[in-house]
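Side chains included, hydrogens not; waters and symmetry mates left out as well; all remaining heavy atoms used. Everything quoted here is computed from the prediction, not taken from an experiment. Within every chain, numbering begins at 1; the chains are lettered A, B, ... in the order of the sequence lines, protein sequences first and strands thereafter.
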Amino acid sequence: SAVISQKPSRDICQRGTSLTIQCQVDSQVTMMFWYRQQPGQSLTLIATANQGSEATYESGFVIDKFPISRPNLTFSTLTVSNMSPEDSSIYLCSVGQGADGANVLTFGAGSRLTVL
Amino acid sequence: GEDVEQSLFLSVREGDSSVINCTYTDSSSTYLYWYKQEPGAGLQLLTYIFSNMDMKQDQRLTVLLNKKDKHLSLRIADTQTGDSAIYFCGFDNYGQNFVFGPGTRLSVLP
C-alpha cells in the first residue's frame, strides 16, 4: 500500500493565522482526501483533492476556509485559513486504492493543530 | 446518509477476547471495514468484508456481518496490550464518501 508523509506533524498556531499542511505520497494516486478529526471525535471528510481541477468539498466546508492544491498525482496541500480555536483538530491526508475490489484508504499520521 | 453507532469504550483483560460492535442504517456499502488508530497515528486498515459475506477470519480477527440487523462486529482473540487503540468501522458507499463510525476506545488491562 502507499506510504504517506504529512507535515507538520503538529503545530501551535495563533488565532487569525493560516497554516498549510503538506501530504506526499510515494506513488501516483488518483484520489486524495483530506479529513478532520476533532478531539475525541471520528473523522469527517473535508474534501476530495482532484489533480488538475478544483477540489470537491463536503457540506459544511468551503474553499475560502480550506483551500486545497493538487499539483500532481503524488502531492497535495491543505491550508487552514484564518484559524480560530474551533479549528484545533487533527487533519489527516488519505489516499484511496483498490484492493481485490475493495476501496482501501491509507492514511498519513496526521497533523495535530492547536489554535490559541 | 449513513448513521453509524459504536460503543465509545470497551475494557478487557489481557488474554480475553474483545468484541467491538457497530450498527448502521444504510446498507448500500459494497465493503465494510475496520480501522485501528493508535495514539498519535493515522488510521490503519485492519480488515474488511464484502457485503455478501457474513463472516471473515484473519488470524486473531473475526468479522461478523448481519445484514438483516445491520450489525457489524470485530472480535479480537487473545487480546494483547498492543491492541489498545481506537477502532472505527467504515463504509465506502460504492467508493464515494467514505463514512466512519464514532470509534470504540479499547483498553486492555494487564
Side-chain angles (χ1 to χ4, degrees), chain A residues 1-11 21 23-25 29-50 56-61 78 89-114, chain B residues 1-9 20-25 28-53 56 58 61 63 65 72 85-107:
Chain A
S1 59
V3 176
I4 301 174
S5 302
Q6 252 186 268
K7 57 180 181 182
S9 58
R10 58 178 62 233
D11 207 339
I21 302 166
C23 178
Q24 179 75 53
V25 189
V29 293
T30 305
M31 308 285 277
M32 291 182 76
F33 306 94
W34 287 99
Y35 284 85
R36 181 176 73 183
Q37 186 178 24
Q38 293 177 300
Q41 303 292 316
S42 186
L43 280 72
T44 301
L45 181 64
I46 297 171
T48 301
N50 306 307
T56 305
Y57 289 83
E58 297 300 307
S59 176
F61 298 96
L78 169 76
S89 291
I90 301 172
Y91 292 86
L92 294 140
C93 170
S94 173
V95 302
Q97 296 176 299
D100 299 328
N103 180 27
V104 172
L105 292 182
T106 303
F107 288 85
S111 300
R112 181 183 294 269
L113 301 188
T114 302
Chain B
E2 186 78 81
D3 286 330
V4 185
E5 293 186 356
Q6 292 182 246
S7 297
L8 296 183
F9 302 98
I20 301 169
N21 295 302
C22 173
T23 58
Y24 57 95
T25 57
S28 65
S29 195
T30 306
Y31 289 86
L32 298 89
Y33 305 78
W34 282 103
Y35 281 82
K36 174 184 181 183
Q37 185 179 33
E38 295 179 351
L43 274 67
Q44 170 196 354
L45 176 70
L46 282 179
T47 187
Y48 56 88
I49 187 169
F50 185 52
S51 56
N52 279 354
M53 297 173 62
K56 179 180 180 180
D58 185 358
L61 306 178
V63 178
L65 174 60
L72 179 72
I86 303 174
Y87 291 80
F88 295 92
C89 55
F91 305 84
D92 69 2
N93 191 26
Y94 296 124
Q96 307 294 323
N97 300 335
F98 211 100
V99 173
F100 292 94
T104 298
R105 184 180 295 273
L106 175 65
S107 299

Quick one: closest heavy-atom pair of W34(B) and C22(B), and the distance? CH2-CB, 3.7 Å
Would the Y33(B) and F98(B) ring centres measure less than 6.0 Å apart? yes
Which bit of F50(B) is near chain A, if near means a heavy-atom gap under 4.5 Å: side chain, backbone, both or neither? neither
Mark yes or no for whether D92(B), through its side chain, and T30(B), through its backbone, hold a donor-acceptor pair below 3.5 Å. yes
At a heavy-atom separation under 4.5 Å, does Q6(A) approach chain B through its side chain, its backbone, both, or neither? neither
Do you know which of T48(A), L45(A), I4(A), V104(A) has the most heavy-atom pairs under 4.5 Å to chain B? V104(A)
So, for G101(B) and F88(B), which heavy atoms are closest and what is the spacing to 0.1 Å? O-CD2, 3.2 Å
Side chain, backbone, both or neither: which part of Q37(B) has an atom under 4.5 Å from a heavy atom of chain A? side chain
Parallel, tilted or perpendicular: ring planes of Y31(B) versus Y48(B), cut at 30 and 60 degrees: perpendicular
At a 4.5 Å cut-off on heavy atoms, which part of L105(A) comes close to chain B: side chain, backbone, both, or neither? both
